[in-house]
There are 2 protein chains.
Amino acid sequence: MNIGDVSSRSGLPAKTIRYYEDIGLIKPHRSANGYRCFAETDLHKLAFLGRARALGFTIEDCRTLMALYEDESRASADVKQLALEHLAKIEEKIADLQAMHDTLSELVKCCAGDSRPDCPILKDLSGES
Amino acid sequence: MNIGDVSSRSGLPAKTIRYYEDIGLIKPHRSANGYRCFAETDLHKLAFLGRARALGFTIEDCRTLMALYEDESRASADVKQLALEHLAKIEEKIADLQAMHDTLSELVKCCAGDSRPDCPILKDLSGES
DNA sequence: TCTTGACCTTCCCCTAACTGGAGCCCTCAT
DNA sequence: ATGAGGGCTCCAGTTAGGGGAAGGTCAAGA
């Protein structure tokens, strides 16, 4: 398979696939003409990476997950721990965003949003509380 | 004031303050020795920027917000619109993160997390559903 | 056979919002 | 005079790729 085929079958842009090769996540063979030559296992790995990235895992997490996936003697506890740590980061981000959301929506609610200059949002940002 | 004073009074790292000058958000004067020389208004602007950034506004949003703040004839509607657009982006991010969270926590729940290799998280990532 | 268009290659720069560090200068106290 | 603790500029790196240039390859049609 050429990169275009793998791209459409995995849903990942060709750029991303080349990047993943660059950083050593996959190692496709090369044809005589220099084109990358992907096997089914490469496609499978790329799909794995795509799903892990969609769950928000970092590239380094993906590297670890792939290694665990390929290690037949892994302990599921290791996978679970990685997932739990990631989950904690997600929860932290949600909490941060939620706090911003709450503050900002409160300010927005207090802003008339008309043609007059008086604005509680700017007032808050400027420190006049 | 030197940059260290402004840094401790605004809570922003000196590096960040230099960066904000670089991109034109503030324009402190210079002393004869080449040191940045901050006025109270600069400090006030930096505090404004710090609060806006803490609410998740991008630097470009901050630039616009500062311009609105300094424009005595602004319409509060313009501020409110910017805030509402930002709020929408925040909500989108929260929804994305929440979806990741739900999927991942479901997988985690199904994973024994022991010394055996069998792992529903890896199984899901590998596409065996 | 030639050409055209689609595909592939590498290479380099760009993103946001800083952070870290090197190498150097300035000032003040000892 | 010297050492500590500022300050200065400039360069590189961070995440996870995206955009685009310059050029090689391949298959189909005229």
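A, B, ... follow the sequence lines: proteins, then strands. Residue 1 opens every chain.
Across its full length, the helix from C:dT1-D:dA30 to C:dT30-D:dA1 shows an angle of 40° between the axes of its 5 terminal pairs at either end, rounded to 10 degrees.
Within the 4.0 Å cut-off from OP1 or OP2 of C:dT19, at least one side-chain nitrogen or oxygen of B:Thr16 is found.
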Compile the donor-acceptor pairs under 3.5 Å between side chains in residues 87-98 of chain A and protein atoms, sequence neighbours left out, one pair per line.
{"from": "A:Glu91", "atom 1": "OE2", "to": "B:His101", "atom 2": "NE2", "distance (Å)": "2.8"}
{"from": "A:Gln98", "atom 1": "NE2", "to": "A:Asp102", "atom 2": "OD1", "distance (Å)": "3.2"}

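Both B:Lys15 and B:Ile3 lie close to DNA chain D; mapped to their nearest nucleotides by heavy-atom distance, the more 5′-ward contact belongs to B:Ile3.
Of the residues listed (A:Arg36, A:Lys45, A:Lys27), the one engaging A:Glu21 in a salt bridge (Lys or Arg N to Asp or Glu O under 4.0 Å) is A:Arg36, and it is the only one.
Shown for residues 19-41 of chain B: residues whose heavy atoms fall under 4.0 angstrom of DNA chain D, namely B:Arg30, B:Gly34, B:Tyr35, B:Arg36. For residues 81-94 of chain A, proximity to DNA chain D is found at no residue, defined as any non-hydrogen atom under 4.0 angstrom from a strand atom. Contacts between residues 49-60 of chain B and DNA chain D, defined by a heavy-atom separation below 4.0 Å, involve no residue at all.
Under a 3.5 Å cut-off, the side chain of A:Lys123 and the backbone N or O of A:Glu128 do not form any donor-acceptor pair.
A salt bridge links B:Arg116 to B:Asp114: one of the charged nitrogens lies within less than 4.0 Å of a carboxylate oxygen. Using a cutoff of 4.0 Å between basic side-chain nitrogens and carboxylate oxygens, B:Glu85 and B:Lys80 are not scored as salt-bridged.
For A:Arg51, the side-chain contact (heavy atoms from CB on, under 4.5 Å) partners two or more places apart in sequence, or in a different chain, are A:Ala47, B:Leu125.
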